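Structure, as structure tokens:
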Number of protein chains: 2
Amino acid sequence: MNNRRIPKYILLKNELLSWFESGKLKAGQQVPSENEIAEQFGLSRQTVRQTFSELEKEGWLERIQGKGTFARFPGRRECELVKTIGIMTTYISDYIFPHIVRGAEAELRSRGYRLLLSSTDNNKEKEMESLKLMTSQPLSGLIIEPTKSAEGNPNLGYYLELQEKGIPYLMINEKYRELECPLLRVDDELGGYKAADHLLANGHTRIAGFFKRDDLQGVNRLKGFLAAHKARGVAVAPKRVVTYTTEQKNDLPYQQALQLLSGAVEERPTAFVCYNDELAVSLMEAALQHGLRVPEDVSFVGFDDSMLASASGTKLTTLTHPKTAMGRDAASQLIAMIEEGVAPGDTLYEPELVERDSVVNLNVNV
Amino acid sequence: MNNRRIPKYILLKNELLSWFESGKLKAGQQVPSENEIAEQFGLSRQTVRQTFSELEKEGWLERIQGKGTFARFPGRRECELVKTIGIMTTYISDYIFPHIVRGAEAELRSRGYRLLLSSTDNNKEKEMESLKLMTSQPLSGLIIEPTKSAEGNPNLGYYLELQEKGIPYLMINEKYRELECPLLRVDDELGGYKAADHLLANGHTRIAGFFKRDDLQGVNRLKGFLAAHKARGVAVAPKRVVTYTTEQKNDLPYQQALQLLSGAVEERPTAFVCYNDELAVSLMEAALQHGLRVPEDVSFVGFDDSMLASASGTKLTTLTHPKTAMGRDAASQLIAMIEEGVAPGDTLYEPELVERDSVVNLNVNV
DNA sequence: TCATACAACTTGTACGTACAACTATAGTGG
DNA sequence: CCACTATAGTTGTACGTACAAGTTGTATGA
């Protein structure tokens, strides 16, 4: 026989493992005593002990002196024991992400979870790398900020793998259309609308809009920007709408802004809606360099209400971003998904306009 | 005897473990055979086998049939498999930490490690909590930014536990005096010196210094600040040196600055050296509110060369902080400690003065 | 010289006994 | 009724034997 070469204690082990699989042994249930098993299988108690000892170390059994041996399901236990959640974000150090991470971290720590952090640098290969690394070891759940979400179709396979492994995940800021999962995001379209509308209400008609086009946030903000113009019956000059990609962000918008400002005075934009505060600060710099005053000559509206908005020379009028709250909510929703198995619906945050000093009211001047 | 109650195989186990600790057993070395040990200790071979079996499962020994039993260091092996490194920092979202984390994350990802992030909020209970959480599961190494380092004596026990578990760690920014480990830090004393010296060289003599006193960075910067005065033979008026704690940071310095600026003109400080850029921006705000111009009436020097320094209205003269590089170096040094077992020496970064627009030269005006 | 066989060693498997330590329960005594 | 005890059953410790299986070096033979 082939079996002759396989040690008896291994055979017994496999037999017991099959009991688990078939449901013959359920968690918490008492296993027959060593002597019973020994008699039943015609083995010595010592041999049974060897089997039990291995199964105990592997987490299948729990032996209690004087009481007996009990079954437990290691798989389940491990998942609950893991308590490690991953966050995959595009940029770690960019101004609003630290706040999101901080909110999530605080919530997770208070709930006894560890936080794994990974950045994709808005690069799909790095996103794949990060996903692989994250899932290379047990993971309870994942918070994802999609990479270049406007371009769609990412590393779908890996996300499907997450579902197979039963690792719950949710997305923040934006969602890959192909994937079904909870989403927490700011109503960017409304934000773009509010930004433009605020300027239009203050008498601005030549408003430049600078938006990122490789993430959906930028696309949506632009959408709202256009909608506000339409609602007010103001035409948008195509040349005043500038879109750019992540790679171009340090250069192209600045140059384009300078070019717009260099035009004839009656053509020059009187206000800028900027994709975010960082860009707004940079374009304000461009305006100042060009000899224009802010807000007297040019007004600015930013996005995200970051530190930059209140630290800059002229305090920036901007739209709020929930930041810390969003991180906290994402974490607590994910924990609910893990511990209770419930999938929450999407969460939409409404951005609020924070009026500071970077917008002038043209109506008053007239 | 008390020993009577402790099982022999446990006693033997402890004996063998002490062999590892004392260096009597080195990695790869062959251990005496089961029979030899049995004879030597007057035990049966079965008892020795039980001990060996446990030590093998725990990774201390490797048994090869027909060949013998060999020593190996489990800590190393396990850590290499785990490939998860923790970072414990005081504030996640504060302006320079995201850059440190980012540098570490990039390095770790490229080397195939996962990054666990935890924040202590500069609070020792949270530090303890974080340490517990971090080490609740296998960990390859730890990067620590000490909490309130100037106050000393933290959760020493937990750190010693790290050493016992063979988890290598290093500290950034500052080190707990009681612990022996590699340290990466900026030469803050030199930074404080350079800041004050720059102002003194520009003819300032009434220089206010605002420093945090509950972390060593602040203490060291103050030390350098005083040293520069001494070197130039300029007395420091005690009332112009303000120290504060983390809890007071949002209020006390601002009030103190206003008070100093409200004094008689000939007593008013002509310059401020600020603990960091964040404070500098805040105090610049105070000066502006008080009707003073920056830098014409009051000069400012910050620390850390953060985004705030170049985004603020008057671009801030400040001292560099390696930030991203420090994170990257910390990560790569830690990986070397894990994979090669070598402990690097301390790393000291020299801060450089970045001259921008917030300091006026009084010598020229005279 | 080379291949083979063998001996001497290692750890692995398998059984056995005996008793200790612990748990739960049933029964006993106050 | 409660506290205590005895007891049966469990796993834990400790020793013992015997042989299997794998490794290594040595002696033997062609």
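Quick note: numbers below take in every heavy atom, side chains included, and nothing from hydrogens, waters or symmetry partners. None of the values given here were measured: they were computed from a predicted structure.
Rounded to whole angstrom, the span from the CG atom of Leu11(A) across to the C1' atom of dA14(C) amounts to 13 Å. Between the P atom of dC19(D) and the CZ atom of Arg45(B) lies a distance of 14 Å, rounded to the nearest Å. Remark: P of dA21(C) and NZ of Lys8(B) are 13 Å apart, rounded to the nearest angstrom. Straight-line distance from the CG atom of Leu55(B) to the P atom of dT11(C): 13 Å, rounded to whole Å. We find that CD of Gln50(B) is positioned 16 Å from P of dT11(C), with the value rounded to whole Å. For the pair Glu54(B) CD and dA14(D) P, the computed distance is 11 Å after rounding to whole Å. In this structure, Phe41(B) places its CZ atom 13 Å from P of dC15(D), rounding to the nearest Å. Straight-line distance from the CZ atom of Arg63(A) to the C1' atom of dG9(D): 16 Å, rounded to whole Å.
Under the side-chain contact (heavy atoms from CB on, under 4.5 Å) test applied with Ser119(B), the options Asn123(B), Asp121(B), Asn122(B) reduce to a single match, Asp121(B).
Shown here for Gln333(A) and Leu184(A), the closest heavy-atom pair between the two residues is OE1-CD1, 3.8 Å.
Residue Tyr9(A) is in sugar-phosphate contact alone, with no base atom involved, counting any heavy-atom pair closer than 4.0 Å across all strands shown.
When the side-chain nitrogen and oxygen atoms of Thr69(B) are compared with OP1 and OP2 of dT11(C), one or more of them lie within a distance under 4.0 Å.
Distances were taken from every side-chain heavy atom of Gln46(B) (C-beta onward) to each of dA14(C), dG16(C), dT11(D); the shortest belongs to dA14(C). Taking the side chain of Gln65(A) as heavy atoms from C-beta on, and the options dT17(C), dC22(C), dA14(C), the nearest nucleotide is dC22(C). Closest to the Arg49(B) side chain, of the nucleotides dT13(C), dC15(C), dC15(D), is dT13(C).
Under 4.0 Å is where a charged nitrogen must lie from a carboxylate oxygen, and between Glu127(A) and Lys132(A) no such pair does. Residues Lys124(B) and Glu129(B) are not paired through a salt bridge, judged by the lack of any N-O separation under 4.0 Å between the basic side chain and the carboxylate. In this structure, Arg45(A) does not pair ionically with Glu39(A), as no charged nitrogen and carboxylate oxygen lie closer than 4.0 Å.
Both Ser44(A) and Lys67(A) sit near DNA chain C, but only Ser44(A) has its closest nucleotide nearer the 5' end.
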Next on the checklist: Walk me through whether Thr84(A) and Ser140(A) qualify under side-chain hydrogen bond (donor to acceptor under 3.5 Å, both in side chains).
Outcome noted: CA-CA 5 Å; Thr84(A) 302; Ser140(A) 310; 5.5 Å; no

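Looking at Glu145(B) and Thr89(B), their side chains do bring a donor and an acceptor atom within 3.5 Å of each other.
Within residues 29-37 of chain B, the residues that place at least one heavy atom under 4.0 Å from DNA chain C are, in residue-number order, Ser33(B), Glu34(B), Glu36(B).
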